[in-house]
Amino acid sequence: MEKSIKSYFPIFLGPTFLAFIIGFIVPFLMGLYLSLCDFRTAADAKFIGLGNFVKAFQDGEFLHAFVFTALFTLTTVILINVLAFAVAMVLTNNVPGTNIFRTTFFMPNLIGGIVLGYIWQLVFNGILSRYDLALKISAKFGFWGLVVVICWQQIGYMMIIYIAGLQSIPSSLNEAAAIDGANSWQRLWSVTIPNMMPSITICLFLTLTNGFKLFDQNLSLTAGEPMKQTEMLALNIFNTFYSRVGYQGVGQAKAVIFFVLVVALGLIQLKMTRSREVQQ
Amino acid sequence: MKLKKTLSLVLAGALCVGALAGCGGGGTGGTGTPAPGGATPPPEGTPAGGSSAAGSVYYLNFKPEADAAWQELAAAYTAETGVEVKVQTAASGQYETTLMSEIAKTEAPTLFQVNGPVGLANWRDYCYDLTGSKVAGELSSDDFALMDGESMAGISYVIETYGIIVNTKLLGEAGYSLDDIKSFEDLKKVAEDITARKDELGFSAFTSAGMDGSSDWRFKTHLANLPIYFEYEADGIGDTDAIKGTYLDNYRAMWDLYINNCTCAPTLLSAKTGDDSVAEFVTEQAVFYQNGTWAYGDVADLGDENLGMLPIYLGVGDEANQGLCTGTENYWCVNSKAAPEDIQATLDFMYWCVTSETGLEYLCSGEHMGFVIPFKGNLESSNYLVNIANDYVSSGKTSVKWCFPTMPSEEWKNVLGSALTTYAADQTDANWETVRAAFVDNWAAEKAK
């Protein structure tokens, strides 16, 4: 077995690896280089050094977008994980219609982000217009609108991961704890959650990075209105790149900063939760 | 065993080829669907036929309302000459974005457009010098060329006019006629009277001043042109690095009039689209609709006898002699980085468009694009709004120039648009201060960039 894996791996890995190089590694390296250039299109770039990064850090809107994104991510990470965990607990307890509920909760994931944003924009505006209000006139509406959409979309996905985690905990652990006199809260905190840490690691990682990377829903739901107050990092980068003459390089520099930020946060989070995982 | 090994190698190879072909397809086919009804480009790898040797044309069109007509015109040209012409249209408000990604591709647009000096600054390196070309020789006046120093970077292909389109039938029902409106004060009086009697009349004064991306250019660009124009006139200049905002109070008065006398509450404007506005006008829910001659196709259903146009009065200058706003922000540029045969094919196509019978028919007829073109071959228009515009000129009114191509950047317009939306939702002096800052302070800031 081992031998055939050794001799056959290029055949299985080769095509995917090639696609990965073309679709990911090469654009990434080009992006790194372009962040140090003054350019209009990727074909004719002029090297200018770190000027783009200086401009990016001086940009107040970029900082605002960072704060807004951080707040948004914090809110959604907590909401999504708590709710998804709760739903998963309920749906592993032999509730009637479990399969229908699981499927229904998962379904919003199958809709693309842009479509989702526009649909929810209609829903929100439909409700708000009864009070002569609209989604784009207040940053508060925009913020909570985004939170609702993202929760609606992602809770189902995280729920599936949590359900898988819950089902893999041997029931003997909980039974033993119950016999020892632990009440249901004690069992949740001392038995279930420690055993769920691998699932929690994955879900936290996904929600954290999804929150920071959010673009589609932001673009279609609020487009940063009013006055860029609901503009998140990815949208800010996009707007820098496309709506300003000669700012393509700055947009690229922001994208590199963004990359470093997301990778750093993801790694810190992984390290923190990994250390709490227990072995059965 | 040997067979198995060979087979798996072949399969892996096939997968690689498939992946690569997918990428290749994304690079070229991804530039857009081929023109519906137009000639489909020959698949890659087929031997170059006569048409590719003669070059081909790829036009990135700016005007969504003219897309269908361009597709037909392109097909007609291909049928006549065998030269392949591909037309793709960018979504409203997405032209610069689309152009930026398209022009980086191998099969870049050979014909694109810029909106004037500011747009030219971004695309200067891509503009072929049109001096001495046949199509430039057809211009009715050299004023319609966009010069970059000595080089003719672009040529205008359409002259347009905007103002306030009026449903004269509804205006009559409200007890007024076009002759009653000769100044901003008159317009204000009529609009506020209609709003006061809104329930009794069954219609509003203005269509919704939608601030969705499909409609906000009517206010952040076209309406904003007027305070800029009057300031330029007063100062005797044609462009500036620091706008003073002399007539911003008039701009505010006009904006107040629009948003407080329209079909919906001002707080709802951020969600209203261009289509909403058209629908309200065509279904007779509102009397006034700010737009231009290009919108004739949308409003023609009301019947020419029910249509009129008014200048956008701002309460500034000689209102008795103020005309409509006439100008251009549509300059054709030929991509200088395209292959020489493609450049030649593009120049031939442009020349054919403005000289041949079919080309002129498509450009000028009200049934197709209904343009007034600044070329010698311009035909009498069947676009009724264009005729109204001509009447204003022949009766000696002074047209308002289009100064918005001198606006510093797209960013400037976007920030102004957001500020206007915010102000509409909550009409306080503090929010107007945001508009003023977006107009005056941001002008200097963006010009300096």
Side-chain angles (χ1 to χ4, degrees), chain A residues 4 7-8 10-23 26 39-45 55 61 121-122 124-126 128-139 141-142 219 222-231 238-248 250-251, chain B residues 5 8-9 11-20 22-23 26 94 96-106 108 118-119 121-126 211-213 264-272 337 408-415 417-419 421-422 424-426 434 438 446 449:
Chain A
S4 60
S7 60
Y8 279 110
I11 291 171
F12 290 105
L13 272 185
T16 328
F17 188 60
L18 194 68
F20 186 71
I21 290 177
I22 294 171
V26 171
F39 69 103
R40 295 288 178 280
T41 64
D44 53 2
K55 276 189 187 163
E61 284 160 12
Q121 193 188 54
L122 292 176
F124 287 135
N125 276 330
L128 288 171
S129 67
R130 292 180 169 269
Y131 308 98
D132 276 349
L133 294 168
L135 186 65
K136 288 186 185 172
I137 60 177
S138 151
F141 292 162
L219 178 75
T222 69
E225 296 289 337
M227 304 291 293
K228 303 193 172 180
Q229 284 176 37
T230 62
E231 193 178 63
F238 177 83
N239 285 339
T240 311
F241 196 95
Y242 280 111
S243 72
R244 299 201 142 174
V245 174
Y247 264 62
Q248 287 87 346
V250 181
Chain B
K5 204 165 196 172
S8 57
L9 268 175
L11 282 176
L15 198 57
C16 280
V17 171
L20 283 176
C23 291
Q94 296 294 320
E96 284 289 307
T97 317
T98 314
L99 180 58
M100 209 178 284
S101 53
E102 287 297 295
I103 212 147
K105 294 178 177 168
T106 327
V118 172
N122 204 17
W123 296 108
R124 174 169 288 136
D125 298 342
Y126 290 85
M211 293 308 286
D212 176 83
C264 65
T267 40
L268 298 182
L269 290 176
S270 65
K272 292 286 177 182
K337 302 200 175 178
S409 64
E410 284 300 308
E411 178 73 8
W412 184 86
K413 297 180 197 173
N414 294 342
V415 172
S418 296
T421 318
T422 309
D426 182 17
T434 319
E446 286 289 316
K449 272 175 179 162

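Letters A, B, ... mirror the listed sequences (proteins, then strands); counts begin at 1.
Taking all atoms of both residues into account, the shortest heavy-atom contact from B:Leu268 to A:Ala134 is CA-CB, 4.2 Å. Considering every non-hydrogen atom in both B:Val415 and A:Met227, the closest pair reads O-SD, 4.2 Å. Listed here is the closest heavy atom pair of B:Met100 and A:Phe241: SD-O, 4.0 Å. When all heavy atoms of B:Thr267 and A:Ile137 are compared, the closest pair comes out as O-CG2, 3.6 Å.
Interface summary for chain A: among B:Ser409, B:Cys264, B:Ala419, the most heavy-atom pairs under 4.5 angstrom belong to B:Ala419. Most heavy-atom pairs under 4.5 Å with chain A: of the set B:Ser418, B:Ala424, B:Ala438, B:Ala104, this distinction falls to B:Ser418.
Neither the backbone nor the side chain of B:Lys413 comes within contact range of chain A; no heavy atom of the residue lies under 4.5 Å from a heavy atom of that chain. With a threshold of 4.5 angstrom between heavy atoms, A:Gln248 approaches chain B through side-chain atoms but not through N, CA, C or O. For A:Tyr247, the part lying under 4.5 angstrom from a heavy atom of chain B is the side chain only. When heavy atoms are compared at a cutoff of 4.5 Å, B:Asn414 approaches chain A solely by way of its side chain, counted from C-beta outward. Looking at A:Glu61, the atoms closer than 4.5 Å to chain B (heavy atoms on both sides) all sit in the side chain, from C-beta outward. When heavy atoms are compared at a cutoff of 4.5 Å, B:Thr97 approaches chain A by way of both its backbone and its side chain. Looking at B:Gln94, there are no atoms closer than 4.5 Å to chain A (heavy atoms on both sides), in backbone or side chain. With a 4.5 Å cut-off on non-hydrogen atoms, A:Asp132 touches chain B through its backbone and its side chain both.
Between A:Asn239 atom CG and B:Glu410 atom CD the span is 11.5 Å, to the nearest 0.5 Å.
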